[in-house]
Structures are given as structure tokens and as C-alpha cells.
Student: 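The structure is given below, and queries will be raised subsequently.
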Amino acid sequence: MTVRSMILISNDPESRIRGSEKLFSEFQQQLAHYDLADEVSLTLATDLGSSYASPLVIVYPEAVIYGPITVADVPYIVKEHLYKGRIVDEKRAPVHELSGKVAWLSAREGTLPAENRVVLKNVGVIDAEDIEDYIANEGYQALGMALEMSPDELIDLIKASGLLGRGGAGFPAGLKWSFVKNTDSDKKYVICNADESEPGTFKDRVVLEGDPHAILEAMLISAYAVGADEGYIYIRGEYQLAIERMETAIQQAEQYGFLGENIFGSELSFKVHVHAGAGAYICGEETALIESIEGKRGEPRNRPPYPTTFGLWGKPTLINNVETFANIPPIIRNGSDWYRSLGTASSPGTKVYTILGNVNVTELIEVPMGITLREVITIYAKGMKSGSFKMAQTGGSSGSIIPASLQDTPMDFDSYNKTGVSLGS
Amino acid sequence: MTKLTINGIEIEAESNWTILKAAEHADITIPTLCYHKDLSPTGACRMCLVSVKGAKGLVTACTTPVSEGMEIQTENEALTSSRQSVLKLLLSVYHDKGYKPDETDNELFQWARHYGLDPYAFMSSKARYEVDSDPNPFIFVDMNKCILCTRCVRACSEIQGRFVWGVSERGFDSRIVAGMDEDMLDARCESCGACVAYCPTGALSLKPTINIGPAEKKVTTTCNYCGVGCQFDLNVIDDKVVRVTSNPAAPANGMHLCVKGRFGFSFVHHSDRLTKPLVREYLLKGEARPANKADRGNWVETSWDTALDIVADKLVAARDTFGPDSVGVLSSAKCTNEENYLMNKFGRQVIGTNNVDHCARLCHSSTVAGLATALGSGAMTNPMNDIYENANSILVIGSNTTEQHPVFGAKMRQAVLNRNVQLVVADPRRIELCEFAVMHIQQKPGTDIALINGLVNIILEKGYEDKSFIEERTENFDDFVENIKKYPPEKVSQITGVPVSQLYQAVEIMVKNAPLAVFWAMGITQHTVGVHNVFALADLQMVLGNFGIPGSGVNPLRGQNNVQGACDMGCLVNVYPGYQAVTVEAAQQKFEAAWGTTLSNKVGRTVTELIPDVIEGKTKALYILGENPAMTDPDSNHVRHCLEELDFMVLQDIFPTETSAYADVLLPGVTFAEKTGTYTNTERKVQMVRQAISERGDARQDWEITAVIAKKVIARGGREINEAPYSSWDYADSGEIMAEVAALTPSYGGISHQRLNAGEVLCWPCPDPTHPGTPILHIGKFTRGKGNLIPAIHVDPSELPDKDYPMMLTTGRVIYHWHSGEQTRRVKELLEIYGEALIEISPEDAAVIGLNEEINKVKVTSRRGEIIAHAWVTNRVPEGLIYGNFHFPESNINYLTKAALDPIAKIPEYKVSAVKIVAV
Amino acid sequence: MVSDQIKETEQLEDIREIVEKIGSTRADLIPVLQEITNKFGYISQLAIKELSDLMSLPTKEILSVATFYRMLSTQPRGEHIIQFCESAPCHVVGGREVFSALQDALGLEPGQTSADNKWTLLTTSCLGVCGIGPVILVDTDMYGNVTSDQVKNILSRYD
């Protein structure tokens with residue numbers, strides 16, 4: 001019998017705490033009860049994109065998002081939606097209104113969630129533990145396209161996209177790649193900085209858990225561009241699920257020939273290791289992270305020299321963070337013009353934020369660069385829980401304090417730098 | 001070149017310099033604490049922050065490279081304030097318990113005062129750590145004074161290569177700990193004291209004289225232990241040496257020293273010091289020697305004049321009754337060039353014999369003979385620093401460098417750590433250096449020639465030889481190859497016990513990482529085939545073309561502080577100073593003219609012949625300076641028996657030794673701290689020894705004693721000595737003696753105390769007063785012209801294990817002691833660490849003979865004697881081999897060794913004897 | 001005594017297995033130490049010595065690394081390890097009160113282990129689940145939206 005419907009249950013740590021695994025078994029029972037077990041596939045997926053209403057349940061092909069869902073809701077949803085085909089409107093996740101200026105449709109508008117996201121395109125949409133799901137969603141297409149270009153063309157494309165590193169400093173990614181490419185060496189490395197340690201920030205975790213292959217694909221592309229053949233993904237040790245998912249992803253990618261020797265018959269050979277952090281906030285700093293991979297105390301090095309010339313084991317090393325890498329495959333697939341159509345002229349693309357604090361809704365959002373803090377608070381956070389807005393902090397503890405006076409300043413690297421504050425990571 | 005400005009001054013810097021280096025170059029001082037020029041920079045302390053125009057914030061001068069057009073300010077109000085904050089912060093965790101520091105102000109205090117802060121006003125009143133928290137007898141640990149600059153950590157890792165100190169915990173809890181937070185010695189500390197030397201705060205200081213306060217004066221001098229020739233400052237208070245501190249300008253060692261150099265000086269003030277001339281009672285009474293030959297009677301203190309008259313009378317009597325060759329003069333590799341020159345002159349001019357020898361006979365006579373024959377000059381070819389900087393591979397064979405030449409051993413570790421130099425160790429024992437080696441070849445003792453010839457065989461098989469070098473610079477290649485053909489790898493493997501594959505690998509390492517520098521010491525020389533061992537190594541390097549270029553050469557590591565100089569000064573039976581052969585007529589005439597007398601052209605008898613010859617009646621009197629043959633010569637029982645039979649012995653030394661039992665007159669000389677002169681180190685560097693304290697008691701300068709004896713002997717007549725340029729024995733000081741040496745010794749022609757005191761670093765050959773010296777030998781041409789490829793032939797050791805004596809014994813020293821131990825056994829801290837002789841035995845053999853926690857002593861017996869000592873069960877030695885030392889009289893390994901001599905160099909085969917061993 | 005020796009021998013065997021599995025290069029040090037911490041609860045001096053031999057590293061290097069990372073321990077830890085998030089997002093939603101309740105209930109300062117070896121109390125930086133702060137992690141069980149009066153109940157689940 002063919003599968004006619006698919007149910008994804010969010011299974012990030014928060015959802016788990018809120019009982020996602022119990023939901024799963026309840027769904028199993030209920031589907032069995034209505035004899036739907038063969039027709040409806042049931043998956044404990046991953047973080048489905050937002051913690052604001054977790055646990056979330058998404059039902060395909062309708063792409064209806066329910067949340068937050070409790071065990072008590074399950075019999076009704078199965079009976080109504082899957083047995084009778086009626087969408088249970090009252091259990092749908094809350095929907096945001098959008099400011100006219102922002103040309104982006106939220107997943108919760110009822111359209112397919114992936115359509116307009118860049119970084120979080122697959123997060124919550126695919127089964128992160130199944131490479132086929134990724135492939136079915138344009139996965140590894142970008143790698144194929146990249147390998148048809150020369151490394152220089154590739155780097156030019158990244159430069160043209162205007163992508164700025166999302167690690168905090170906003171350094172042009174294409175330029176960094178070209179530094180590594182232009183340093184002669186018998187050996188080069190690519191490192192993904194997934195040591196997300198800024199308190200209050202968990203966007204990278206969501207990507208790692210939800211779309212690990214996107215990171216692998218991006219690392220492969222960058223390895224080809226800079227001439228590296230080995231990579232490390234440094235994931236903080238607390239992110240156990242992310243580590244497991246990434247290891248699974250690597251295994252599968254190796255099986256499918258996306259990692260290994262002469263990938264796609266090209267000259268690119270690449271192997272990648274997951275390095276689990278052992279609990280040191282400082283290792284988010286890239287040279288400390290390198291020291292840590294080398295098995296040392298994670299203490300920052302003096303710079304210069306920079307990792308682009310003297311990185312891991314003294315070899316030229318490209319380090320980008322998770323969000324930066326996650327932007328790469330979409331840029332390759334869709335081109336630099338498309339990317340520049342998002343965000344602002346000086347800071348193209350989108351930015352993923354976690355919203356926490358004294359607001360009505362705390363959640364993870366991906367919005368174009370240039371949105372204002374006021375919009376974030378009023379539209380996404382549904383306003384302040386109590387009192388008026390006084391200040392916000394960006395990019396975790398080492399970000400900036402944004403006073404009320406900057407509420408209407410566009411949130412992009414350029415505008416923030418001009419006012420002397422930092423967008424953070 | 002990079003142009004930049006510092007404080008408005010335009011500076012040209014090398015592009016790889018840091019701001020700090022550029023500033024130093026322009027004589028601009030930037031304050032530093034964690035930085036030291038010898039150590040890798042960390043940029044941790046933030047004292048060296050400077051402002052750079054256009055840079056975000058302040059930058060650390062010690063780590064930031066210069067760039068074109070940089071505009072740097074090293075002093076301004078903001079920087080002063082930043083530095084004051086740093087200093088206050090550091091002082092806020094600094095606690096001073098109040099004992100006297102070694103220096104008036106440590107570096108932290110100096111900078112605090114420089115920036116107007118009274119360190120005592122800002123320091124913490126609370127101790128966070130126990131004072132004197134480590135039981136190491138040499139190093140006083142007071143972490144209350146630690147500012148976490150990590151210089152000690154880096155000094156230990158980067159200078160000594162020992163990795164004892166580390167940083168534990170993080171943030172405010174960070175602290176310096178030894179090993180896994182244990183006692184330093186348990187963390188494999190070798191007590192070199194480098195951490196103390198580099199500590200800028202007094203958190204680490206020198207324990208033996210803690211709380212004694214700063215020195216009244218410091219005198220730069222040269223160490224009196226091994227041939228490395230380290231220089232340091234003797235710190236003096238109240239005419240006593242109280243400590244040794246590093247002197248960064250020291251040519252061979254910089255700041256670095258070993259445990260003996262830094263801490264082994266207190267023997268100078270030991271109560272055993274000889275301070276009055278002593279003669280046997282029978283001599284004063286004018287009686288005959290007591291009938292019991294084992295006991296020459298009581299010692300009686302007497303005046304110098306009386307003692308020296310007796311000496312002169314006795315030597316004259318022996319010379320005139322039994323001929324000049326009945327007298328032997330044994331000089332000392334511990335004494336200065338000047339003193340050795342006089343001993344040589346005394347034997348040859350005053351007595352008329354070439355029986356002038358010294359302990360080089362026992363250590364490197366085979367090197368001197370072997371290299372002189374092969375190359376024309378018997379010394380280390382390349383300086384250590386040159387090898388450190390330029391060699392790409394190093395072969396250490398028969399040298400336990402980290403224990404016997406610790407500062408050079410540390411340099412080898414540094415070469416491996418910093419330059420990835422490929423180190424190959426060939427040694428029957430798993431010596432400490434093996435940890436740093438890419439390969440340890442564990443050949444059987446006494447099979448070195450087979451091993452080296454086997455390597456050369458493979459080199460020729462692979463066509464790796466340097467054909468043009470062989471063609472242009474060597475001779476005798478065809479004969480040489482004929483011999484090498486007899487050493488195919490399989491046969492070599494059988495003889496040496498080294499796998500064939502390892503032989504091939506070793507060749508690949510050495511050939512692919514040229515230049516190769518070869519080092520050796522007693523493991524090569526102390527064999528009946530010692531000279532052939534040396535031939536083999538010279539051959540290897542000639543075949544590979546590793547001569548006359550940086551980072552290459554043959555590098556015998558000389559043992560004693562001045563064994564090189566004692567040889568240079570002609571304290572050998574066959575040569576005048578500068579290796580001018582006694583058998584060459586021109587040389588004989590030259591010295592006859594200089595000294596105003598006729599000289600013997602007959603090669604003299606060596607120390608290893610002179611003593612046994614007593615029994616034959618050929619040796620009647622010995623004048624011994626600072627040697628201890630009763631301890632150091634092989635087959636001690638026999639040596640002692642011979643010495644008992646000797647008619648007369650005058651012994652000039654600083655302590656009563658085991659040999660003084662056989663002496664008739666005992667003359668108190670002085671230690672290195674009390675004399676001025678020169679030592680020549682193993683690299684041929686001639687270096688000043690400077691008097692720091694006055695002579696103890698009535699002890700006299702050694703050169704003066706020899707000169708007075710000479711004058712008294714000459715005055716007694718019996719030998720015609722005419723007025724000649726250098727016939728006189730009137731010297732105002734040791735500098736005048738060096739002037740005479742320079743006049744008569746071509747290789748020392750340009751060496752003078754004046755030049756050395758002016759700071760010149762001179763390696764011989766240095767033929768004239770304007771010559772800069774010759775650090776690397778054999779550039780373009782060997783001393784003898786063409787290098788002589790002499791076939792080296794493997795012969796089994798003279799005694800191999802058999803069913804009665806089934807084990808092999810090899811001998812040597814340990815890091816904490818020196819030779820017969822006369823000095824180091826009088827340093828109580830050294831005894832605390834290593835207080836008795838230990839016999840090293842493998843766990844396998846230990847199990848066989850039944851050693852355990854209760855039964856932990858062994859009785860070792862050879863055909864010549866037996867000793868009992870505690871066992872050290874260790875895998876440093878392989879099964880079937882044991883190792884012992886000769887530092888302790890009660891269990892001196894030389895009771896067991898055999899006086900089998902190399903036929904050419906007459907060096908004994910200390911390195912192989914057959915023994916049996918039982919647990920007791 | 002004999003059983004101690006057997007334990008030591010077993011521990012050494014396990015350590016050798018871990019190194020064999022993970023590797024003995026410098027880069028393998030942290031993963032090896034993590035595995036040892038997981039297996040034995042902490043990194044003993046015996047383990048450091050053995051690793052020093054197996055990985056050709058000075059003991060001070062191993063200690064230095066082992067004491068740098070919060071997830072590694074050179075001290076024996078309790079049966080259950082409680083990690084409390086001390087980051088701002090948890091702090092502002094009442095974390096401080098919860099933490100003092102936790103400290104009161106256990107009678108422990110951060111970093112301490114209870115006398116009966118049952119509990120070790122640690123603080124941690126952000127666990128990345130800020131949406132449900134304050135957060136307590138007991139071993140691998142995560143508790144979110146914790147209030148002071150829930151603390152006793154949470155602890156009682158481990159009796």
C-alpha cells in the first residue's frame with residue numbers, strides 16, 4: 001500500500017522535554033486503531049523550526065503545522081485529519097502577520113515551509129537522519145554544480161553573493177575563501193565552527209540537528225574552492241543530538257560517495273571528522289577552537305598569523321560557522337543575484353535569530369537582513385510581555401546592548417556597525 | 001626589509017620581526033614579563049602592549065609582526081596607565097612571605113618601580129599556597145609569587161625538553177603544577193633549574209642557599225664538569241660561592257645549565273678540602289718506607305717548602321737513579337690549559353721524559369688517534385649551535401648525551417622539537433634520548449664497526465655515496481670498498497642483532513635528511529677496537545660528504561671540562577702542545593730551542609701502561625695532578641696493587657681521594673672557583689676561568705705548585721737546562737703562561753687572556769692575534785689534506801659472556817654524578833637524589849635472579865673482582881646486559897672491568913666485560 | 001589490596017582499548033579523555049600515567065588539558081551529575097532562586113561532590129534550550145521551566 005500521508009513530530013531537546021516521544025507512541029497507537037499504520041508514515045523528525053509552539057506536528061502533503069500538541073490532542077487529530085481528512089484548525093500553530101516591507105512568507109502562513117527559507121529551508125521539513133530526504137530536497141545539487149565550476153569561479157560567485165560571515169565579525173566569506181585558496185600548501189583544512197556557546201543562542205544547534213547534510217555539502221564546496229581535503233566539524237559537547245545526527249550524516253554521505261576520494265569523479269577528495277567539544281566557552285573563538293582540535297587547552301592564539309595562512313596543524317585553514325556554511329548551497333543553486341535579492345545591499349541574505357526574554361513569544365526565526373528590531377519584537381515576539389521595550393542584547397553575552405533608540409535601525413552588519421553596536425552571531 | 005617608525009624614529013626591520021624585536025634593535029625598551037627572547041612568545045601578560053596607528057586597540061609587541069609603514073608608540077599616558085593596571089593586577093595575587101630574595105628586585109618589582117608603583121603597597125597580604133611546596137632539594141617553590149607568565153613551563157619544555165611544568169585548571173583557578181600535580185622529581189624533573197633561571201618573580205628560586213640574599217659580586221666563569229663548557233656567574237658573599245646564576249651571554253649554553261653546573265658547586269667549601277701540604281711521617285723522619293706496603297704511615301701537616309723539597313728530592317732521585325722514563329707525570333683534564341701546559345713542560349723539560357699523560361687516555365684517546373689518522377685533527381668538527389641550526393639528521397652512537405652532556409642533550413631535544421631534526425640513536429641501552437629519536441638501533445655492545453660498515457655497505461649498494469666528495473677530498477677508496485664488501489646487511493644483522501630492515505631504514509633517514517651530524521662518546525671509544533670504531537664513523541661521514549659544511553661532521557663529545565685542552569697542551573705521550581709529534585725532529589728541535597734542553601724523541605708510556613709497569617720496576621715515581629686512578633682505571637684491584645708497589649707518589653688535589661692512600665706527599669690545590677686560566681671545551685672554544693674567591697686555607701694555585709717544584713728540581717742539577725726563550729719558570733700569572741702556549745702552539749697562536757676577556761669567542765685553530773677562530777673544521781680541505789678512508793675491521797670484544805660469566809656488563813655515569821665522584825659526592829643535594837651506586841638490570845633478568853621488594857641487592861662478579869649494590873630494575877637495559885657506574889668507592893664498577901687495551905690508543909675496554917650476577 | 005590491583009589492571013585494559021579505538025595522536029587526546037571520563041567518571045592519575053605512555057605525551061600536558069575542559073574531570077564525581085545552566089537567559093527567568101534551592105537541597109557548592117558520592121553539582125554555560133529555562137540537566141535527563149519548589153521532586157527521582 002502506498003503511503004498517502006506523512007507525519008513529522010518535532011524531536012529537538014525542548015520538544016522531547018515536552019513529551020514528543022510520548023506523542024510518537026500515541027500516534028502509533030491511534031494510527032493502528034484506525035488501521036492507518038501502512039498508509040501514514042510517522043517520523044520523529046528533528047527540530048521543526050521553532051520552539052515557540054513545540055512540540056510541533058506537521059502533516060504532509062497538506063503541510064499543516066499543529067502545535068503545541070499534547071498526547072491528549074492526538075486521538076482527535078488522527079481521527080479528524082488523517083481518518084476523515086479535516087484539518088483541525090484550532091490546533092494549528094499560531095500564525096504571524098508580516099510587515100508589508102518584508103517579502104517573506106512564514107512557514108506558518110500555511111504555505112510550504114521550505115519555500116522561502118534559506119538557512120532553515122530543510123529544518124523541520126526533512127528527516128535529518130535520512131540522506132535521501134535531503135537529496136530529494138535539492139540536496140547535493142549545489143555540490144554537483146560547484147564541481148562544474150573552477151575554484152576561482154566558485155569563489156567569485158560567493159564574493160558576488162556578498163555573503164558575510166555569520167560568526168559575528170561579518171567578514172566577507174568569499175574573500176576569506178580566496179585567502180585560503182591563495183596560500184600555497186601541501187595540505188589545507190576546512191573547519192565548521194559549531195561551538196555555539198553564546199548564552200541564549202541555539203540557532204546553529206537547530207541547523208545541525210535539522211539539516212546536517214547542508215553543512216557537509218557546504219564544507220565540500222568550500223574544500224573544493226580552497227583546495228582542502230580534510231575537514232572538522234567542531235560541535236560543542238553539550239549538543240549530543242547534533243553530534244549524533246552529524247555522525248550519521250557523515251556515514252551516509254560516505255556511503256553515497258559524497259565524502260571520500262574523487263567525489264563525483266572529480267579531483268575533490270574530502271574526509272570530515274566530528275570533534276565534540278569538551279566544555280569550554282572560549283573555544284568558539286576560532287584559534288582556540290583550532291587549539292582544541294589539536295588536543296590542547298582551548299586558549300586563543302596570538303594573531304597574526306591568521307588561520308587562513310597558519311591554522312590547524314599550522315596549515316592554511318578555512319573556518320566558517322554553521323550559519324555561514326548553511327547559506328552556501330542555496331547560493332550555488334540559486335545564484336548570487338537571487339541571494340542579493342534578499343536582505344540589504346551591503347548585507348544580503350537572511351539572518352536566523354533566537355528571540356528570548358520578556359516577550360510574548362520566544363522563538364527561532366529566519367528573516368531577511370535589514371529587518372528592524374521593532375519588527376522582530378512586534379511581529380514575531382508578539383510584543384513585550386509587560387512594560388515597554390528598554391533594551392535588547394544581540395549575539396549572546398558578547399553581543400551588543402541595543403537601546404530603544406536603535407529599534408528602527410535596520411538589522412544588518414553595515415547599519416549596526418555604523419551605530420557602534422554589533423549584530424553578534 | 002620593512003620600514004616603520006617607533007616613537008617617531010625610523011627603523012628598518014626584517015619582515016619576520018616582531019615589533020618588540022624591531023624595538024630592541026633600535027635600543028628601545030618595551031616592558032615585558034612573560035616574554036623572554038629564548039622562549040616562544042605568548043602575549044599573555046599584556047605588559048608589552050603598544051599603540052599602533054590605525055590598529056583596533058593596543059597590540060602585544062612580543063607577538064605582532066612588523067608591517068610596512070607601521071607607526072608605533074611604546075610610551076604614552078594611556079600605555080603607562082595600562083601597564084600600571086597590569087602590574088597592580090599581577091601584584092594583587094602576589095604574596096611575599098618575607099624571606100630574602102636571590103636578587104634585590106625581581107623583574108616584576110623592577111617594572112613596578114619603573115612605573116612608579118611600590119610593589120609592597122600593592123601586593124596581597126594573603127598566601128594562597130604553601131611556601132616551599134616541593135621537596136626537590138634544588139628548587140624552592142613558592143607559588144604565592146607566581147604571576148602565571150608560564151616562562152617556567154616554556155623553559156622546561158623548550159629549553160630542557162622535559163615537560164615537567166604545566167598549567168592546570170583555567171581562569172582564576174589556573175596554577176602552575178608539576179606533571180600530574182605531583183612532586184617535581186616524580187614528574188621527571190632533572191633539576192636543571194632552567195625554570196628558576198627564567199622565572200621573573202622569585203616564585204621559583206634556588207633552594208640550597210635560599211634566604212641568603214643577593215650576591216656581593218658575580219664572577220663569570222666556566223663550569224668545571226663536562227666538556228660542553230657552559231659559562232655562568234659565580235655569586236659570591238663573604239668570599240664564599242653561594243650560588244650559580246645563568247649568564248645570558250654564555251657562548252655554549254646561553255641561560256641553560258644542568259643540575260651539576262647549577263647546583264654542584266658546594267664541594268668548593270666542603271670540610272674535606274685539603275688546606276695544608278701533607279707528607280708521610282717516614283719522610284719527615286728521614287726513614288725508609290714502612291714495610292707494610294698497603295699503609296704508608298701517618299700524614300703530617302708541614303710547610304710548603306718542606307713538602308716541595310721532599311718532592312723535588314724524590315723526583316730527582318728517581319730520574320737520576322732509574323732514568324727519566326722511570327718517572328710519570330699524570331696531568332688533569334679538570335685543570336686549566338695553563339696548568340696542563342706546565343705539567344707537559346715539567347715532564348719533558350725538567351724530567352726529560354715523554355711519560356706525560358692524563359685521563360683522556362681513558363676516554364677519548366681513540367678519538368684523538370682515530371681522527372688524527374683519518375682527518376689530521378682529532379676534535380669535534382662542528383659547534384653544537386651550528387648543528388642545532390643546520391643539521392637535518394643526527395646520529396648519536398655511544399653517547400648518553402642528555403645525562404653526560406646535559407646541555408648539549410637538551411640542544412638535541414630542541415633540534416628535534418623545533419626543527420624536526422631526524423634523530424637516530426644507536427645504543428645498546430634504551431637511553432633517555434630514545435624518546436626523541438625516530439629510530440633506536442639497539443646494537444649489541446662491541447659491534448659498532450659492523451653496524452657502521454653495514455650502513456656504508458647499504459649506502460654504496462643504493463648509490464647514495466657522495467661521489468664527487470669521495471673523488472675530490474678522500475683517498476684509499478678502493479681498499480676501503482673491499483673491506484666494506486665484507487659487511488653485507490644480513491651478516492651485519494647477525495653480528496649486531498639489528499634487523500636488516502632497520503639498517504635500510506636508518507640509511508634512508510640519514511641520506512634523505514642531509515646534512516647528518518654524528519655524535520659519539522665513550523660508547524665508541526672505550527673498546528679494544530676504539531680507534532677502528534672512530535675510523536668507521538669518519539668513513540661514514542666521508543662517504544656521505546658530510547664534512548666542512550654547517551650541520552655536519554664528526555663530533556666526539558669530550559668528557560671532562562678541559563680534556564680537549566689537556567690534549568691540546570701536549571699532556572699525551574706522543575705529542576707536544578698542538579699535536580706536534582715528539583718523534584718529528586723539527587718539533588723536537590723547536591721545543592729544545594724554546595725550553596733550552598735536550599728532549600726525548602721516544603713516545604712515552606700511557607697511564608694505562610705506567611701503572612701496571614710499576615710491577616715490572618719500570619715506573620718508580622709519579623707526579624699526579626687531580627686524577628684518581630684508583631677509582632677510574634679498569635681492574636681496580638690490580639691498579640691498587642700496582643700503586644702499593646710504587647716507590648713515590650706526589651698527588652696534587654683538592655680532596656683526599658682513593659688514590660691518596662698510595663701517595664707520599666699530598667699537595668692542596670685549588671678548585672675552579674679559586675683560579676684563573678682557560679678551559680677548551682669540546683667544540684674547541686677556549687674560554688676563561690676566573691677566580692671568584694681566595695684560595696682555601698694554605699692551598700696554592702696549581703700552576704704555582706708545579707712551577708715551584710720545577711724550579712726546585714732544576715736547582716738540584718743533574719740535567720742541563722740552558723737560558724732559552726721559554727726555559728724559565730717565572731710567571732707572574734696564568735696569562736703569561738698562555739702567552740707562552742700561544743708562542744709555541746700554532747693552533748693557539750692567536751689566543752690570549754686579553755682577547756678572551758674582551759669577549760671574543762675563539763675556537764682553535766686560531767693562528768694569530770687577528771684570526772677570528774675556526775668554528776667548523778675541514779672546510780674545503782682536511783687538516784691532513786685528503787681524508788683517509790681507512791678500512792675499519794670488526795673484532796669481537798676481548799671478553800664475551802660464557803657459561804661461567806653469562807651476563808654482559810657495560811659502564812658509564814649518571815646525570816647527578818661526575819666520574820669518581822670526588823666533587824659530586826660532596827654536594828649533599830646531589831646525594832639526596834642519587835646517593836648510591838645502582839646496577840641497572842632488565843625486568844627479565846631481575847625475574848630470573850629473583851629480585852623483589854625485599855631482595856633488591858645484587859652481587860656482581862667478574863674474573864677480576866666483585867661488588868654489591870642495589871639493583872635498579874629498568875628497561876633501559878635489554879635482557880642479558882647490566883649497567884653500572886664508577887661514582888661510589890664502595891661499589892665501584894671498575895673492580896669488575898678489564899684492562900684490555902686498544903692496541904693503538906691504549907684505551908681500556910670499559911664498555912664490555914663478562915659478569916655473573918646473583919640477588920643478595 | 002588484591003582487589004585494588006585487579007581494578008587497576010582492569011582500568012588499564014579499558015584505557016588501552018579506548019586509545020586503540022580512538023587513536024593515539026595528539027588530536028585524539030580530548031576524545032580519549034572524554035571517553036575515560038564517561039567510563040570511569042573521572043580521569044585518575046593512573047589513567048594519566050598510562051595515557052602518557054600510550055600517547056607519548058608528558059603527564060603535565062594531559063593534566064593541563066584535562067583540567068581545562070569542564071566536561072572532563074580529574075576528580076571522582078558522584079553517581080549523578082547535576083548541571084545547572086548559569087547563563088543569562090536562565091538567570092533572568094528565575095534561575096538564581098532555583099539554583100539556591102538546589103544548593104540547599106544538596107548542601108553543595110558548585111564543583112563539589114556529596115559525601116555519600118551520590119551527587120556532583122556543576123554549573124554549565126548555556127545548553128542551548130533557552131526557550132524552557134531555567135534548565136537543570138541530571139546526567140542526561142533534562143528538566144525545563146524548573147521552579148524552586150520542583151527541585152526536591154526532581155532529586156527524589158534518583159533515590
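It should be emphasised that the depicted structure is a prediction, and the values quoted were computed from it without experimental measurement. Within every chain, numbering begins at 1; the chains are lettered A, B, ... in the order of the sequence lines, protein sequences first and strands thereafter. Computed from heavy atoms alone, side chains included, the values below leave out hydrogens, waters and symmetry copies.
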Student: Is C:H80 reaching over with its side chain to a backbone N or O of C:D139, donor-acceptor style, under 3.5 angstrom?
Tutor: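 Such a contact is absent between C:H80 side chain and C:D139 backbone.
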Student: Please state whether the side chain, the backbone, both or neither of B:D173 comes within less than 4.5 Å of a heavy atom of chain C.
Tutor: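 Contact with chain C involves no heavy atom of B:D173 at all.
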Student: Based on non-hydrogen pairs under 4.5 Å, which of B:A187, B:G171, B:G166 is most in contact with chain C?
Tutor: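 If we count pairs closer than 4.5 Å to chain C, B:G166 comes out on top.
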Student: Cation-pi check, C:R77 to C:Y42: give yes when NZ or CZ is under 6.0 Å from the six-membered ring centre and within 45° of the ring axis, no otherwise.
Tutor: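 No; the conditions do not both hold, so C:R77 does not lie above the ring face of C:Y42.
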Student: Under a 4.5 Å heavy-atom cut-off, does chain C meet the side chain of B:E182, its backbone, both or neither?
Tutor: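 Only the side chain of B:E182 comes within 4.5 Å of chain C.
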Student: Measure from NZ or CZ of B:R413 to the centre of the six-membered ring of B:F163 and say whether it is under 6.0 Å with the direction within 45° of the ring axis.
Tutor: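 Cation-pi check for B:R413 and B:F163: fails.
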Student: Quick check on the interface: out of C:P58, C:A66, C:S52, who has the most heavy-atom pairs with chain B under 4.5 Å?
Tutor: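 Top count of heavy-atom pairs under 4.5 Å with chain B: C:P58.
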Student: For the residue pair B:Y129 and B:R175, what are the closest heavy atoms and their distance?
Tutor: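 The answer is OH-CB, 3.5 Å.
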Student: Between B:S174 and chain C, with a heavy-atom cut-off of 4.5 Å, which part of the residue counts as in contact: side chain, backbone, both or neither?
Tutor: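 Contact with chain C: none, neither part.
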Student: Is a donor on one side and an acceptor on the other found under 3.5 Å between the side chain of B:E190 and the backbone of B:R188?
Tutor: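 It does not hold such a pair.
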